Amino acid sequence: MDEQKNIPLLDCPVDYLIGDASGKVMNEYGRFPCKIKCGVYAIIVRGSARATINITQYEFQQHDVLLLEPGSFLLIHEFSEDALVYYVLFSSSFMEKHAFKSRMSLTALRLQSPIIHVGEEQADVIREAAELLIKAMNTRPSMLTSDSMVHIFNLVQSSYAAHARQLESDFLMRPQDRKTQIYQDYCQLVLKNYQQWHHVNQYAEAMHITLPHLCATIKAVSDRTAGEIITDAILTDAKAQLKITNLQIKEIALSLGFDNIGFFNRFFKSHVGVTPKAYRME
């Protein structure tokens, strides 16, 4: 296998990229969170992993398929040494050109989780398809083009969407857990508004739920406080901007809803242990 040494997880320098990576290579991306711009489809064909996507930590196992839409936060904690991942990346410019971003978002919303666990037979088909695409891409001249990758995206996306609809149908046939639904709605609302809303009461009002009820529900479902989830979202974005952009710290603070840079510095240090400047220099 032609293992990629540098996987451009932030964005693709070309319209698409198909490849494979070992657990050792993937662990190189676990140093800090990044906010990806590209669309990602991947499958773990061997091994296991642990990663935080947006504000939720997930455990990945063999045969888990992953969808990451543009704008997602990704922090890799650990991949097992024997892990092997196949991936297809679509650049932000490619997805904007073909209006693909909204389609991924719709599927991700239906799934309510970036992970799909498939059976061994399905996983074998996906693995073989990925290996075939890698071979096609590496031919000289390449058998794949941007035009043909539009069809590949449509095929992959339709498979995801069909699975999402099945999950949605299965969910509707089961009694719904109101607490879990509140937690999922709260997390989605936080991810949309954390740059402006820093207080839990703002989310309670938007969800038409009393503040005590919201706080108790979030704690019961996630074992985290509602405020901690907001803080995690802010810090994840701050860390990503500090590491992967050249924006001034004042600009980052303003983008996250902090009008006072001194308050932002104190907020960051109280949770991370170092100032934003020191974190950037690490």
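Residues: numbered from 1 along the sequence shown. The model shown is predicted, which means the values in this text are computed figures rather than measured ones.
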Taking the side chain as every heavy atom from C-beta outward, state whether [X] and [Y] have any atom pair closer than 4.5 Å.
| X | Y | value |
| --- | --- | --- |
| E251 | T245 | no |
| R224 | I218 | no |
| H199 | I230 | no |
| T225 | C215 | no |
| Q61 | S48 | yes |
| S72 | L74 | no |

Is it the case that more than 12 heavy atoms not belonging to [X] sit under 6.0 Å from its [atom1] atom?
| X | atom1 | value |
| --- | --- | --- |
| E120 | CD | no |
| K219 | NZ | yes |
| M143 | CE | no |
| Q196 | CD | yes |

Are [X] and [Y] close enough that a side-chain donor and a side-chain acceptor fall under 3.5 Å?
| X | Y | value |
| --- | --- | --- |
| D82 | S80 | yes |
| S255 | Q241 | yes |
| S146 | D15 | yes |
| Q181 | D177 | no |
| Q62 | R46 | no |
| S92 | D11 | yes |

Pair Y87 + Y41: ring centers closer than 6.0 Å: no

Is the ring centre of Y194 less than 6.0 Å from the ring centre of H198? no

Nearest heavy-atom contact between V200 and G227 is CG2-N, 3.6 Å

Mind telling me whether F94 and F90 have parallel, tilted or perpendicular rings, with 30° and 60° as the class edges? parallel

Quick one: do R127 and E131 satisfy salt bridge (Lys or Arg N to Asp or Glu O under 4.0 Å)? Show the steps, please. CA-CA 6 Å; R127 176 184 54 78; E131 291 174 349; 3.4 Å; yes

Determine whether L235 and V272 satisfy the following criterion, side chain to side chain contact (heavy atoms under 4.5 Å, CB included), listing intermediate values before the conclusion. CA-CA 8 Å; L235 289 175; V272 182; 4.1 Å; yes

Under the side chain to side chain contact (heavy atoms under 4.5 Å, CB included) rule, what do I116 and L67 come out as? Steps first, then yes or no, please. CA-CA 8 Å; I116 299 173; L67 177 154; over 6 Å; no

Measuring from [X]:[atom1] to [Y]:[atom2], what's the distance to the nearest 0.5 Å?
| X | Y | atom1 | atom2 | value |
| --- | --- | --- | --- | --- |
| S22 | N27 | OG | CG | 8.5 Å |
| I229 | T231 | CD1 | OG1 | 10.0 Å |
| E282 | K277 | CD | NZ | 13.5 Å |
| D232 | D237 | CG | CG | 12.5 Å |

With a 4.5 Å cut-off on side-chain heavy-atom distances among I, L, V, M, F, W and Y, is there a chain of contacts connecting W197 to F267? yes

If hydrophobic clusters are built by linking Ile, Leu, Val, Met, Phe, Trp and Tyr wherever their side-chain heavy atoms come under 4.5 Å apart, do L84 and V125 end up in the same one? no

Has K239 got its NZ or CZ under 6.0 Å from the middle of the six-membered ring of F32, at an angle within 45 degrees of the ring axis? no

Can you tell me which residue among Y279, F258, F263 is in a ring-ring contact (aromatic ring centres under 6.0 Å, His included) with F268? Y279

